[in-house]
Q: 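Shown below is the structure under consideration.
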Amino acid sequence: MRAMLLIWLLLLGLMTCFNFADARPGGGHSSSGHSSSSSHSHSSSSFSYRPSFSNSSSHSIGSGNSNPATLFVVLVILVIIIVIILKYQNATQPFVAAPTIINKARQQNTIKQALDLLKQSDPNFSAILFIDFVHSLYTKFYNYSTHPEFSYLSPFISNELQQHFEKALPWTVNEIVINGIRWESINTQGLETENISLVIDANYTLHQQDKATRYAVTERWLFYRQKGLLSAEPDKMQTLCCPQCGAPAHFTDSGECGHCGTVINKGEKQWYLGKRVVLRTTALAASDLVSYAEEQGTQRLTIKQDDLAEQMQIFIQQQSLPDWDSFWRPFADDIVKAYFLSIYEHWSKRDWQGVRHLLSDRLYEANSFWLALYAEHDWHNRLDDINISQVVPAKIELDKYYEAITVRIFASCFDYTEDANGKIIGGSKRNRRSYSEYWTFVRRTAKAAHTAPYSLTSCPQCGAPADNMGQTAECGYCGSKISTGEFSWVLFLIMQDDVYEG
């Protein structure tokens with residue numbers, strides 16, 4: 001703004017010196033600027049300047065004693081001054097959004113390259129399955145910590161962590177919700193071990209000394225394993241189990257399986273948690289559930305993987321499709337938009353079970369807690385008149401077992417929360433709320449794309465009504481477990497646009 005003001009003052013001075021006579025009646029200039037930071041602070045400033053000049057009957061420039069040569073020199077000087085001012089403005093103007101996106105893209109490109117290296121030595125590795133494994137371990141870690149069952153996890157936890165929590169003061173942790181798991185680094189260059197660092201955002205209820213407190217936490221978990229291992233198949237990765245016999249994890253302190261008797265040493269057959277760092281802890285109150293903050297990141301550019309076009313080609317070749325559009329149109333309409341509307345409709349009704357077959361296990365479990373908490377307070381979070389304006393492909397991940405497609409969905413609705421008496425305690429029924437989210441859909445590799453519109457109300461395996469799905473997403477008619485992506489797309493993850501990193 002200072003730069004624009006200086007430019008206008010220079011122009012005004014020149015207009016005065018050279019008696020400019022043809023300025024627009026009432027003409028002027030206005031501009032506004034905005035800046036934002038990673039902490040979501042927002043500031044704006046505006047400048048409006050409307051100079052007024054008297055008209056000359058001659059309608060000519062340079063009347064009086066003005067010399068054309070002098071005018072030319074002054075104009076050149078003015079141009080130079082403007083260029084210098086603009087360069088200074090660009091050099092000093094804070095601009096966070098674009099570098100943030102660039103940095104995130106670079107970070108994710110580094111992660112992708114590291115994942116590619118890991119898959120070269122371990123073709124069985126699946127990011128989807130690894131996240132499932134981490135989710136299971138995180139939940140069991142806190143459920144069992146300070147309790148005798150903690151030894152059941154001995155092959156998956158370092159000796160230091162195991163000893164620390166076995167000696168800690170007793171507590172009980174339940175109602176564990178994992179909001180997000182982000183890749184931080186992958187290192188396969190060690191001589192004897194490989195490691196993966198993740199950042200986990202979660203919340204849980206801690207019961208200690210007759211007091212219950214709910215916490216939001218951010219933690220860094222560092223996993224290790226012996227170099228050169230092949231990852232286990234899906235049935236041994238999606239739940240925490242013995243890497244040898246597949247039975248549920250039930251180990252002694254020495255790592256002996258309670259079912260098959262095999263001793264599982266840390267890192268020799270499966271990843272184990274070597275280090276854990278708590279980065280942030282915040283106590284939550286019930287009022288936090290209905291607090292409505294301003295949407296952040298909706299106006300940012302979509303974060304797309306660098307080789308998205310290449311991955312699209314690989315995908316359509318694997319599916320024997322003529323082009324990307326032949327897949328994308330039915331996928332965007334019959335899966336993305338249909339799931340989006342159905343899932344949020346059932347959310348508004350507090351009927352999460354009605355879309356159990358559309359959700360991954362961990363997404364269902366995480367949001368079941370929140371809906372139960374809303375039901376406890378007799379609150380309803382309403383999402384009325386949802387309109388989807390755009391669906392944009394952002395990422396495709398392909399591995400031996402799974403296909404994953406991440407899209408960014410732009411939508412708007414009336415988003416508000418009301419109590420048992422219909423009183424609005426958060427949000428608004430009058431002002432539409434515009435937002436965007438990144439949704440990741442997964443299914444097992446080599447599943448043929450459907451040719452008819454997908455039915456949201458039927459089991460994708462047997463075609464029976466999807467009205468008899470248990471909490472484990474097993475069809476009550478054919479017994480098939482639907483939530484693994486074995487038979488159709490399932491929604492694996494939802495991330496807000498201000499935290500999505502690619």
Side-chain angles (χ1 to χ4, degrees), residues 98 101-120 123-131 182-183 186 234 297 300-340 358 360 363 388-411 436-454 460 484-497 500-502:
I101 292 176
I102 293 172
N103 290 338
K104 287 181 178 180
R106 288 174 179 170
Q107 171 70 7
Q108 290 309 307
N109 188 50
T110 300
I111 294 295
K112 182 183 181 303
Q113 292 175 358
L115 277 172
D116 290 342
L117 286 176
L118 181 56
K119 290 177 182 178
Q120 288 178 15
N124 285 1
F125 185 86
S126 167
I128 300 297
L129 293 176
F130 182 75
I131 293 299
R182 306 192 303 275
W183 301 88
I186 300 171
R300 295 177 185 172
L301 296 175
T302 300
I303 300 175
K304 297 183 179 181
Q305 69 185 121
D306 289 344
D307 61 341
L308 180 59
E310 179 183 345
Q311 294 302 316
M312 287 177 174
Q313 289 300 314
I314 294 174
F315 179 81
I316 63 175
Q317 289 173 7
Q318 290 181 353
Q319 300 297 322
S320 301
L321 296 170
D323 52 41
W324 172 254
D325 195 54
S326 61
F327 164 79
W328 175 249
R329 286 190 176 184
F331 177 76
D333 291 336
D334 302 337
I335 301 297
V336 178
K337 294 180 180 179
Y339 277 42
F340 189 91
L358 306 181
S360 68
L363 192 60
I388 301 173
S389 59
Q390 191 177 14
V391 178
V392 180
K395 186 177 183 180
I396 298 176
E397 292 181 275
L398 307 172
D399 59 48
K400 182 177 180 179
Y401 299 111
Y402 279 94
E403 302 165 344
I405 297 180
T406 300
V407 301
R408 190 182 187 190
I409 305 172
F410 293 85
S436 66
E437 296 173 339
Y438 287 85
W439 284 35
T440 299
F441 297 84
V442 302
R443 71 177 178 184
R444 287 295 296 269
T445 298
K447 294 297 174 184
H450 65 278
T451 54
Y454 181 74
T484 61
E486 179 71 28
F487 309 104
S488 65
W489 293 101
V490 296
L491 179 60
F492 183 73
L493 182 64
I494 299 175
M495 293 197 72
Q496 301 305 305
D497 44 19
Y500 180 76
E501 296 183 350

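Along the sequence shown, the residues carry numbers beginning at 1. Note that the structure is a prediction, hence the values are computed from the model and not measured.
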Q: Quick one: do Thr440 and Met495 satisfy side chain to side chain contact (heavy atoms under 4.5 Å, CB included)? Show the steps, please.
A: CA-CA 9 Å; Thr440 299; Met495 293 197 72; over 6 Å; no
Q: Are Ser436 and Arg408 side-chain neighbours, meaning at least one heavy-atom pair lies under 4.5 Å?
A: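 Touching, per the 4.5 Å side-chain cut-off.
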Q: Please name all residues satisfying side-chain contact (heavy atoms from CB on, under 4.5 Å) with Ser126, sequence neighbours left out, ordered by chain then number.
A: Ile128, Leu129, Asp399, Tyr401, Tyr402
Q: Would you say that Ile405 contacts Glu403 through its side chain, given a criterion of any heavy-atom pair below 4.5 Å between the two side chains?
A: no
Q: Scan Trp489, Phe492, Phe441 and name whichever one has a ring-ring contact (aromatic ring centres under 6.0 Å, His included) with Tyr339.
A: Phe441
Q: Output the distance between atom CG (Asp306) and atom CD (Gln113), rounded to the nearest 0.5 Å.
A: 8.5 Å
Q: Which word best sums up how the rings of Phe340 and Trp439 line up, parallel for under 30°, tilted for 30 to 60°, or perpendicular for over 60°?
A: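 Phe340 and Trp439: tilted rings.
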Q: Distance from Glu397 atom CD to Leu115 atom CG, nearest 0.5 Å?
A: 7.5 Å
Q: Would you call the rings of Phe327 and Phe331 parallel, tilted or perpendicular, taking 30° and 60° as the class edges?
A: parallel
Q: Go through the structure and list residues passing side-chain contact (heavy atoms from CB on, under 4.5 Å) with Asp307, not counting sequence neighbours.
A: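 In terms of side-chain contact (heavy atoms from CB on, under 4.5 Å), with neighbours along the sequence ignored, Asp307 is linked to Lys112, Gln305, Glu310, Gln311.
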Q: Whether Arg300 and Asp497 form a salt bridge (side-chain N of Lys/Arg under 4.0 Å from carboxylate O of Asp/Glu) is what I want to check.
A: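 No.
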Q: Go through it in stages, so that I can follow the logic: the residues are Ile396 and Leu308, the test is side chain to side chain contact (heavy atoms under 4.5 Å, CB included), and I'd like the CA-CA distance, side-chain angles, deciding distance and then a yes or no.
A: CA-CA 7 Å; Ile396 298 176; Leu308 180 59; 4.1 Å; yes
Q: Kindly assign one of parallel, tilted or perpendicular to the pair Trp183 and Phe130, based on the angle between their ring planes and the thresholds 30° and 60°.
A: parallel
Q: Checking side chain to side chain contact (heavy atoms under 4.5 Å, CB included) against Ile316, which of Gln313, Met312, Gln319 comes through?
A: Gln313
Q: Taking the side chain as every heavy atom from C-beta outward, state whether Ile111 and Ile186 have any atom pair closer than 4.5 Å.
A: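 Ile111 vs Ile186: side chains touch.
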Q: With a 4.5 Å limit on heavy-atom distance, are the side chains of Glu437 and Gln496 in contact?
A: yes
Q: Once side-chain contact (heavy atoms from CB on, under 4.5 Å) is applied, do any residues pair with Val490, and if so which ones, sequence neighbours excluded?
A: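 side-chain contact (heavy atoms from CB on, under 4.5 Å) check on Val490 returns Val442.
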Q: So Phe315 and Trp328, ring pair (Phe, Tyr, Trp, His ring centres under 6.0 Å) or not? Walk me through it.
A: CA-CA 11 Å; Phe315 179 81; Trp328 175 249; over 10 Å; no
